[in-house]
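Reading through the structure tokens given below for one structure.
Throughout, residue positions are numbered sequentially from 1 according to the sequence presented. Counting starts at 1 for both ligands and their atoms, in listed order. Since this is a predicted model, take the numbers as computed values, not measurements.
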Amino acid sequence: MESKFSFLINLLVLQCLAVVCVSQDFDFFYFVQQWPGSYCDSAKSSCCYPTTGKPAVDFGIHGLWPNYNDGSYPQNCDSGNPFDESKISDLIGNMRKNWPTLACPSGSGETFWSHEWEKHGTCSESVFDQHNYFETTLGLKQQTKLLQALKTAGINPDGSTYSLENIKDAIKEGTGHTPWIECNRDSSGNSQLYQVYLCLDNSGSILIECPVFPRGGKCGPEIEFPSF
Ligand code: 5GP
Ligand code: 5GP
């Protein structure tokens with residue numbers, strides 16, 4: 001009896017050690033922002049403005065995504081912790097402004113935020129609760145000021161074409177870190193600036209150089225920065 005008991009205790013201790021020391025939740029985060037003009041004029045999708053009105057002419061948040069160094073990522077990690085808007089009621093005004101949804105049909109944002117929390121956020125529960133997850137992500141948008149960094153370098157969302165290198169340099173100058181730029185195509189087939197990826201360490205506190213860049217969404221050497 002006693003040996004069965006101590007066997008169980010040992011098993012528990014081993015399992016706890018495995019969680020603490022061996023299994024790594026995830027390695028870093030991608031912080032992803034989208035250019036609304038490129039979501040809306042893309043060949044693949046049209047867009048719908050949120051029920052709260054046309055978003056500001058600025059980058060919007062897409063999400064904060066836990067990732068592994070090999071490029072893969074966990075998703076939908078905890079169905080027992082669904083999105084609950086009442087947990088972030090103090091952030092809603094800020095969310096509407098900085099994390100607007102552009103998908104159709106028009107919504108106020110809950111569908112998008114809920115998708116992001118449930119797919120990605122739940123995989124970062126070791127560092128964030130729902131409130132921290134959204135608050136931290138909103139803070140990153142203020143910290144990185146992408147549009148300002150680009151404008152300072154003379155890169156404006158006016159439909160003209162810029163060199164990818166100049167765009168990356170401007171963001172590196174502004175944020176201190178090298179971004180990954182994802183492009184999509186407008187309805188005429190031009191490659192355009194769609195999303196900007198920066199990386200955050202796995203404690204969710206500081207921007208870092210990205211350990212690995214996503215596949216796909218490659219840009220040409222010259223890309224368009226459409227208006228919105
Ligand atoms: P897409 O196929 O449009 O690049 O990505 C579709 C969705 O897959 C993204 O919005 C995001 O939720 C997820 N995703 C794509 N690439 C990555 C990645 O490298 N890391 C993580 N964590 N999620 C990704
Ligand atoms: P991902 O898996 O790509 O992070 O999540 C994108 C999902 O959120 C898609 O189902 C998409 O329809 C929805 N969504 C809602 N609003 C937006 C938006 O403004 N941008 C993007 N990329 N996806 C949105």
What is the closest protein heavy atom to atom 9 (C) of ligand 1, and at what distance does it sit? W65 CH2, 3.4 Å

W113 backbone acceptor or donor facing E118 side chain under 3.5 Å: no

Atom indices of ligand 2, in the order listed, that fall short of 4.0 Å to a heavy atom of T101: 15 (C), 16 (N), 17 (C), 19 (O)

Please state whether Y194 comes within less than 4.0 angstrom of ligand 2, counting heavy atoms only. yes

Would W99 and F134 count as a close aromatic pair, with their ring centres under 6.0 Å? yes

Is the ring centre of Y73 less than 6.0 Å from the ring centre of W65? no

If we number the atoms of ligand 1 from 1 as shown, the ones under 4.0 Å from a heavy atom of P66 are 22 (N)

Would you confirm whether the ring centroid of F83 sits within less than 6.0 angstrom of the ring centroid of W117? no

Taking atom 24 (C) of ligand 1 as the reference point, report whether a protein heavy atom occurs under 4.0 Å from it. yes

Should you measure from each heavy atom of E116, which atoms of ligand 2 turn up under 4.0 Å away? 1 (P), 4 (O), 5 (O)

Is atom 6 (C) of ligand 2 near the protein, in the sense that some protein heavy atom lies at less than 4.0 Å from it? yes

Taking the six-membered ring for Trp and the full ring for Phe, Tyr or His, determine whether the centres of F29 and H120 are under 6.0 Å apart. no

Report the nearest protein non-hydrogen atom to atom 22 (N) of ligand 1: residue, atom name, distance rounded to 0.1 Å. N67 OD1, 2.8 Å

For K119, the atoms of ligand 2 under 4.0 Å from one of its heavy atoms are 2 (O)

Nearest-contact summary for atom 3 (O) of ligand 1 - protein heavy atom, Å: E182 OE2, 4.9 Å

Measure the distance from atom 11 (C) of ligand 2 to every protein heavy atom, then report the residue, atom name and distance (to 0.1 Å) of the closest one. A103 CB, 4.6 Å

Sub-4.0 Å protein heavy atom near atom 20 (N) of ligand 1: yes

Is there a donor-acceptor pair closer than 3.5 Å between any side-chain N or O of S108 and the backbone N or O of T51? no

Write out the residue and atom name of the closest protein heavy atom to atom 17 (C) of ligand 1, then the distance separating them to 0.1 Å. Y73 CE2, 3.4 Å

One pair to check against side chain to side chain contact (heavy atoms under 4.5 Å, CB included): Q34 and F59. What are the steps and the verdict? CA-CA 6 Å; Q34 62 181 1; F59 284 86; over 6 Å; no

Contact atoms of ligand 2, heavy-atom distance to H62 under 4.0 Å: 1 (P), 3 (O), 4 (O), 5 (O), 6 (C), 22 (N)

Distance SG-SG for C104, C47 less than 2.5 Å: no

Between the side chain of S42 and the main-chain N/O of K44, is any donor-acceptor distance below 3.5 Å? yes

Nearest protein heavy atom to atom 14 (N) of ligand 2, by residue and atom, and its distance? F112 CD1, 3.5 Å

Under a 4.0 Å N-O cut-off, is there an ion pair linking D58 with K141? yes

To which of Q34, H120, H115, Q195 does the heavy atom nearest atom 2 (O) of ligand 2 belong? H115

